[in-house]
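To keep things clear, I will list the structure first and then write my remarks on it.
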Amino acid sequence: MLPVSFIWVDAMEIQNSLFNNIAEIISEARQTVYRSSNSIMLRMYWEIGRLIVEDEQQGREKAQYGKATLKNLARQLSLEFGKGFDERNLNNMRAYYRSFPIWNAVRTELSWTHYRLISRVEDEGQRMQYIALSIDNQWDTRTLQRNIQTQYLSRTLAPATAQQSPTQFIKDPYIFEFLNLPTDIHQTESSIETALINHLREFLMEMGKGFAFVARQQHIVTDTADFYIDLVFYNYYLKCFVLVDLKTNKLGHADVGQMDMYVRMYNDLKKQADDNPTIGIILCTEKDETIVKYSVLAENEYLFASKYRLYLPKEEELVQLIEQDRIKFELDHAKD
């Protein structure tokens, strides 16, 4: 006969197994209900938006329609069905339908709040990219709102194409407002680096898709000296290591030479046979275009210098920062 303790342990394992199986069924059922109800709600709002847009296009003036018909409609619907049908939400439904006039383009994995935010993006191509990124990276609505506000897609040096290239994964500028570091005092490279590691999830999201953290202050030993690389990542889309060097001042020749050396060393000592060439990114507060033009940055497709901000710039400043580098990138790309 088995000891009582063995019988008790066996009974507990059966009970735990039963609990886990039932919990899995409940969880899957709830997910199914959520997906189903979310899809129904998205379709309902889409249909309401369609009817409003079609009614609006029957020769009425937009101003007159917005002031009279929509307000009356909101009042009637709210009296009949309660919250969720006020004038503001009806306007959201109208924008939602205008942004996605084909129902099949709507991905029901996302919530109504996702679509309210994405519908405000003017560019159709960017709307579709935000949908794909939100699903692939499981962005919650707060993350999506932040990325739209910081012009996440516009800050990428080159648009996405069928063939992956490093320029699709490098931003300029990078925005690190999530570190909550005071901007009225000078921050050291070490303090920024520490803050980035403490906010690693947000940092990886800001870096872009496919980045995985590898090391901080990675020690590289050669025959004659020891070196420490600030931050090392691996990008599984590009299948390569990405080295990041933080600078709290304007880009200098020594910074470029140092990163060029790090990349060469990493390719020689760390890169595996099936890895693509290592990428180096120098993050600095400002760039000297003369240094960019007359250094190895101009000829090495795996070396980049990008600005960063520890705060969220005003829209005008952010647009200017993006436009400056966009024009320069397009001019340099046209020469190739």
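A pairwise comparison of heavy atoms in I197 and L231 identifies CD1-CD2, 3.6 Å as the closest pair. Residues N89 and R116 come closest through the heavy atom pair OD1-CD, 4.2 Å. Across all non-hydrogen atoms, the minimal contact from I281 to M259 is O-CE, 3.5 Å. In terms of heavy atoms, N300 sits closest to Y302 at OD1-N, 2.8 Å. The shortest heavy-atom contact between P313 and I175 is CD-CD1, 3.7 Å. Scanning all heavy atoms of the two residues, the minimum distance from I131 to I118 falls at CG1-CD1, 3.7 Å.
No side-chain heavy atom of I229 sits less than 4.5 Å from a side-chain heavy atom of V244. Between M265 and D268 the shortest side-chain heavy-atom distance does not fall below 4.5 Å. Contact annotation: the side chain of F100 never approaches that of N104 to less than 4.5 Å [non-hydrogen atoms, C-beta and beyond]. Between L179 and L196, some side-chain heavy-atom pair lies under the 4.5 Å cut-off. Residues Y262 and T278 fail the side-chain proximity criterion, which asks for heavy atoms closer than 4.5 Å. Considering only heavy atoms from C-beta on, K239 comes within 4.5 Å of Y234 through its side chain. With a 4.5 Å cut-off on side-chain heavy atoms, L90 and L73 count as touching. The closest side-chain heavy-atom distance from V232 to F213 is not below 4.5 Å.
Under the 3.5 Å distance criterion, with hydrogens and angles disregarded, no donor-acceptor pair is assigned to the side chains of R88 and N91. Residues D140 and T143 have side chains that bring a donor and an acceptor to within less than 3.5 angstrom of each other. Remark: the E193 side chain and the T188 side chain contain no N/O donor-acceptor pair separated by less than 3.5 Å. For the residue pair E315 / Q151, no side-chain donor-acceptor distance below 3.5 Å is found, with atom types taken as modelled. A donor-acceptor pair shorter than 3.5 Å cannot be found between the side chains of R127 and S119.
Within a 6.0 Å radius of CD in E124, other residues, nucleotides and ligands contribute 12 heavy atoms or fewer. Atom OH of Y294 is surrounded by 12 or fewer heavy atoms from other residues, nucleotides or ligands within 6.0 Å. At most 12 non-hydrogen atoms from other residues, nucleotides or ligands lie less than 6.0 angstrom from CD of Q138. Heavy atoms of other residues, nucleotides or ligands lying less than 6.0 angstrom from CG of D274 number more than 12. By the neighbour-count criterion of 12 heavy atoms within 6.0 Å, atom CD1 of I102 is sparsely surrounded, having that number or fewer from other residues, nucleotides or ligands.
Checked for salt-bridge contact, R309 and E317 meet the test: a charged N lies under 4.0 Å from a carboxylate O. Salt bridge annotation for K287-D172: present, with a cationic side-chain nitrogen under 4.0 angstrom from a carboxylate oxygen. Salt bridge D260/R264: present, at least one basic N to carboxylate O contact under 4.0 Å. Of the charged side-chain nitrogens involved, at least one lies within less than 4.0 Å of a carboxylate oxygen, so that R146 and E177 count as a salt-bridged pair. The pair E286-K307 does not count as a salt bridge, with every side-chain nitrogen at least 4.0 angstrom from each carboxylate oxygen. Here R98 pairs with E56 in a salt bridge; the nearest charged N to carboxylate O distance falls below 4.0 Å. A salt bridge between E109 and R107 is present, with a side-chain N of the basic residue lying under 4.0 Å from a carboxylate O of the acidic one.
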Legend entry - side-chain contact (heavy atoms from CB on, under 4.5 Å) between I148 and Q126, intermediate numbers included: CA-CA 10 Å; I148 293 174; Q126 288 197 357; over 6 Å; no

Inset, instruction - For the pair L204 and R201, evaluate side-chain contact (heavy atoms from CB on, under 4.5 Å) and give the outcome as yes or no after the intermediate values. - result: CA-CA 5 Å; L204 287 173; R201 178 181 177 276; over 6 Å; no

Legend entry - Residue pair Y266, Q218: steps toward the side chain to side chain donor-acceptor pair (under 3.5 Å) verdict: CA-CA 11 Å; Y266 218 89; Q218 188 170 51; 2.6 Å; yes

Inset, instruction - Could you check T167 against F304 for side-chain contact (heavy atoms from CB on, under 4.5 Å), going step by step and ending with a plain yes or no? - result: CA-CA 9 Å; T167 51; F304 299 89; 4.0 Å; yes

Inset, instruction - For side-chain contact (heavy atoms from CB on, under 4.5 Å), just list the numbers for D255 and D245, CA-CA rounded to whole Å, side-chain angles, deciding distance to a tenth of an Å, and then say yes or no. - result: CA-CA 9 Å; D255 304 326; D245 201 17; 5.8 Å; no

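Under the side chain to side chain contact (heavy atoms under 4.5 Å, CB included) rule, E206 has a single partner from Y308, F178, F211, which is F178. Screening Y45, W46, W103 against Y97 for a ring pair (Phe, Tyr, Trp, His ring centres under 6.0 Å) leaves a single residue, W46.
Distance check, rounded to the nearest 0.5 Å: CG of D275 to SG of C240 gives 8.0 Å. Atom OG1 of T194 and atom CD of Q187 lie 10.5 Å apart (nearest 0.5 Å). Between the CE atom of M44 and the OG atom of S37 there is a distance of 10.5 Å, given to the nearest 0.5 Å.
Taking the six-membered ring for Trp and thresholds of 30 and 60 degrees, Y96 and Y115 have ring planes inclined between 30 and 60 degrees apart.
At distances below 3.5 Å, at least one donor-acceptor pair connects side-chain atoms of N276 with backbone N or O atoms of L238. Proximity of a side-chain donor or acceptor of N38 to a complementary backbone N or O of L110 within less than 3.5 Å is detected. Put simply, the side chain of D136 never gets that close to the backbone of L133: no donor and acceptor are under 3.5 Å apart. Using modelled atom types, no side-chain atom of S306 and backbone atom of L283 make a donor-acceptor pair closer than 3.5 Å. Side-chain N or O atoms of T285 include one that pairs as donor or acceptor with a backbone N or O of N249 at under 3.5 Å. Looking at D230, its side chain does come within 3.5 Å of a backbone N or O of L246 through a donor-acceptor pair. Of the possible polar contacts, none joining the Q145 side chain to the L117 backbone as a donor-acceptor pair under 3.5 Å is found. In terms of modelled atom types and a separation under 3.5 Å, the side chain of S295 and the main chain of L297 share a donor-acceptor contact. One N or O on the side chain of N235 and one on the backbone of K209 form a donor-acceptor pair closer than 3.5 Å. With hydrogens and angles ignored, the 3.5 Å screen pairs no side-chain donor or acceptor of Q76 with any backbone N or O of A74.
In the hydrophobic clustering of this structure, Y228 does not group with L269; members are Ile, Leu, Val, Met, Phe, Trp, Tyr whose side-chain heavy atoms approach within less than 4.5 Å, directly or through other members. At a threshold of 4.5 Å between side-chain heavy atoms, the hydrophobic network of Ile, Leu, Val, Met, Phe, Trp and Tyr places M261 and V221 in two separate groups. Hydrophobic clustering of Ile, Leu, Val, Met, Phe, Trp and Tyr side chains at less than 4.5 Å, counting indirect connections, unites L200 with Y236. Y311 and M205 fall into different hydrophobic clusters, where Ile, Leu, Val, Met, Phe, Trp and Tyr side chains are chained together by heavy-atom contacts under 4.5 Å.
Side-chain rings of F233 and F169 stay apart, their centers remaining 6.0 Å or farther from each other.
For K271 and F241, the positive end is not near the middle of the six-membered ring at less than 6.0 Å and at most 45° from its axis.
Considering only residues two or more places apart in sequence or on other chains, S99 meets the side-chain hydrogen bond (donor to acceptor under 3.5 Å, both in side chains) condition with none of them. Residues passing the ring-ring contact (aromatic ring centres under 6.0 Å, His included) test with Y152, sequence neighbours excluded: W139.
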